[in-house]
Amino acid sequence: MAANKKMLILPGDGIGPEAMRQVRRVVEWFDKRRAVRFDIKEGLVGAASLAKHDTPITDAVMRDALETDAVLFGAVGDPKWDNVAFDKKPERAILRLRKEMGLFANLRPATVFPELVAASTLKPEVVSGLDIMILRELTGGVYFGEPRGITTLPDGTKRGVDTQVYTTPEIERIARVAFELARKRTNKVCSVEKANVMHTGVLWRETVAKLHAAEYKDVQLSHMYADNCAMQLVRNPKQFDVIVTDNLFGDMLSDLASMLTGSLGMLPSASLGAPDATGRRKALYEPIHGSAPDIAGKDLANPLATLLSFAMLLRYSFDLADDAALIEQAARKVLAKGVRTADIMQDGATKVSTTGMGDAVLKELDTLAA
Ligand code: NAD
């Protein structure tokens with residue numbers, strides 16, 4: 001049997017722990033029934049950590065995150081901490097994790113399950129069968145570039161400055177992730193910037209094209225301006241496979257793409273760091289939704305986004321593509337049978353709680369593995 005896989009689970013706040021409870025049941029299912037076993041540690045983050053340790057994430061949890069094979073994260077955020085200093089906010093936990101783990105590549109799949117086509121605001125024929133991956137550069141660009149800040153000018157008016165900055169190594173490493181991902185999908189990358197008006201865009205396009213010519217000629221590469229990409233995502237999203245873009249455009253385009261699917265409670269994500277000498281990357285997996293304080297503690301949350309994040313973890317960190325596919329298949333079967341949490345409820349479907357959705361997934365896993 002292969003060595004145990006190390007996983008750090010950080011449930012966080014609000015619906016984070018509720019969704020994670022269902023994922024833990026699936027993890028136990030894998031532990032019991034299949035050849036893969038997990039060494040699991042669990043830690044506090046966000047408001048849960050603030051309440052106990054007066055910090056959104058302790059150094060000990062941070063150390064665990066740096067030492068584990070993969071982190072599975074729930075969500076952080078609690079309105080009780082809305083009016084505290086920035087470094088005391090629950091959300092600082094995820095920012096520190098991203099920064100100290102060097103998670104520069106953010107993978108956001110936008111997949112439309114056939115059973116949920118009606119949840120999208122777009123026409124069924126536009127989104128049905130959609131399966132695209134937005135790859136966003138996460139640690140560079142205008143959110144971090146210097147100089148930045150607001151200054152008061154001699155005449156009393158103010159001036160705000162942010163700096164968009166990218167270097168060739170930063171562009172190359174994200175482009176490399178895009179090409180590698182595409183090879184495991186349908187082999188197409190669309191690189192997105194604004195080379196028509198931005199110097200970083202010119203450098204981005206040149207660098208991606210050069211890497212492509214040198215190492216990834218087998219992958220089909222196209223380039224697109226970010227504003228056009230926003231239009232194309234709404235007009236004909238199925239033309240894309242992997243979209244790779246910078247931090248700012250990726251922020252916008254990945255949110256836009258997630259809404260093509262119409263259901264926040266269904267969408268997972270992964271954030272990856274640079275490979276070490278053995279080729280292993282630091283990695284954190286999380287649903288794209290937040291802590292949803294409006295429904296927290298009511299057993300109403302849809303746990304599928306967190307569960308599908310665990311499936312991504314199996315695929316990208318543990319190379320267990322078959323087990324990941326099993327989870328995705330179980331989720332699909334549950335939806336096909338009309339089982340729905342409140343957020344994706346449709347006429348004629350059966351409404352279930354968070355726990356009920358966990359029950360339904362486990363039942364399908366039993367059937368699939370029988
Ligand atoms: P949110 O994603 O928490 O909720 C938005 C809406 O979607 C709410 O109505 C919520 O009930 C619903 N929703 C979200 N996930 C759901 C699920 N799994 N099942 C059913 N319904 C779901 O976003 P928000 O309300 O803007 O933020 C709430 C808190 O979460 C804030 O403190 C915010 O800072 C934090 N947040 C954290 C993360 C993170 O941990 N990475 C991400 C986004 C927001």
Side-chain angles (χ1 to χ4, degrees), residues 8-23 43-51 56-57 61 65 71-99 101 103 106-108 113 116 119 121 136 138 143 250-252 254-255 258-259 261-271 283-312 331 334-335 339-346 349 351-358 360-361:
L8 175 66
I9 294 189
L10 302 173
D13 307 320
I15 63 168
E18 294 173 54
M20 201 63 86
R21 217 164 289 135
Q22 302 314 315
V23 177
L44 295 177
V45 280
S49 174
L50 275 160
I57 178 165
V61 170
V71 176
L72 185 63
F73 187 92
V76 284
D78 186 325
K80 266 191 269 167
W81 300 85
D82 271 355
N83 298 316
V84 298
F86 192 59
D87 66 339
K88 279 278 160 72
K89 284 198 178 293
E91 289 83 351
R92 291 292 295 171
I94 185 68
L95 298 180
R96 184 171 172 200
L97 282 161
R98 283 177 189 157
K99 184 158 178 249
M101 292 173 76
L103 304 175
N106 183 223
L107 284 67
R108 292 254 305 245
F113 289 85
L116 294 182
T121 49
R136 166 188 173 192
L138 201 58
Y143 294 163
D251 194 359
M252 318 271 158
S254 62
D255 267 21
S258 69
M259 277 301 103
T261 73
S263 42
L264 209 54
M266 296 291 306
L267 293 170
S269 77
S271 300
L284 180 145
Y285 301 83
E286 57 174 330
I288 71 157
H289 63 72
S291 57
D294 53 334
I295 57 164
K298 299 180 180 157
D299 204 23
L300 282 175
N302 184 346
L304 291 179
T306 312
L307 183 64
L308 295 170
S309 301
F310 173 59
M312 286 186 90
V334 167
L335 296 172
V339 176
R340 301 277 191 277
T341 41
D343 57 310
I344 50 172
M345 188 57 195
Q346 284 166 314
K351 192 154 136 190
V352 294
S353 62
T354 310
T355 317
M357 185 56 94
V361 169

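Both ligands and their constituent atoms are indexed starting at 1 by order of listing.
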Taking the side chain as C-beta and beyond, is there a heavy-atom pair between [X] and [Y] under 4.5 Å?
{"X": "Arg108", "Y": "Asp255", "answer": "yes"}
{"X": "Met312", "Y": "Leu107", "answer": "yes"}
{"X": "Ile15", "Y": "His289", "answer": "yes"}

Got a sec, which pairs hit salt bridge (Lys or Arg N to Asp or Glu O under 4.0 Å) with one end in residues 76-87, sequence neighbours left out?
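Matches after skipping sequence neighbours: none remain.
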
Show me the pairs that pass salt bridge (Lys or Arg N to Asp or Glu O under 4.0 Å) and involve residues 11-20, at least two apart or across chains.
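Sorted pair list comes back empty.
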
What residues, two or more places apart in sequence or in another chain, satisfy side-chain hydrogen bond (donor to acceptor under 3.5 Å, both in side chains) together with Thr341?
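Counting only residues at least two positions away or on another chain, Thr341 forms a side-chain hydrogen bond (donor to acceptor under 3.5 Å, both in side chains) with Asn302, Asp343.
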
Name the residues with a heavy atom less than 4.0 Å from ligand 1?
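Contacts of ligand 1 under 4.0 Å: Ile15, Phe73, Ala75, Val76, Gly77, Asp78, Glu91, Leu264, Gly265, Glu286, His289, Gly290, Ser291, Ala292, Pro293, Asp294, Ile295, Ala301, Asn302, Asp343.
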
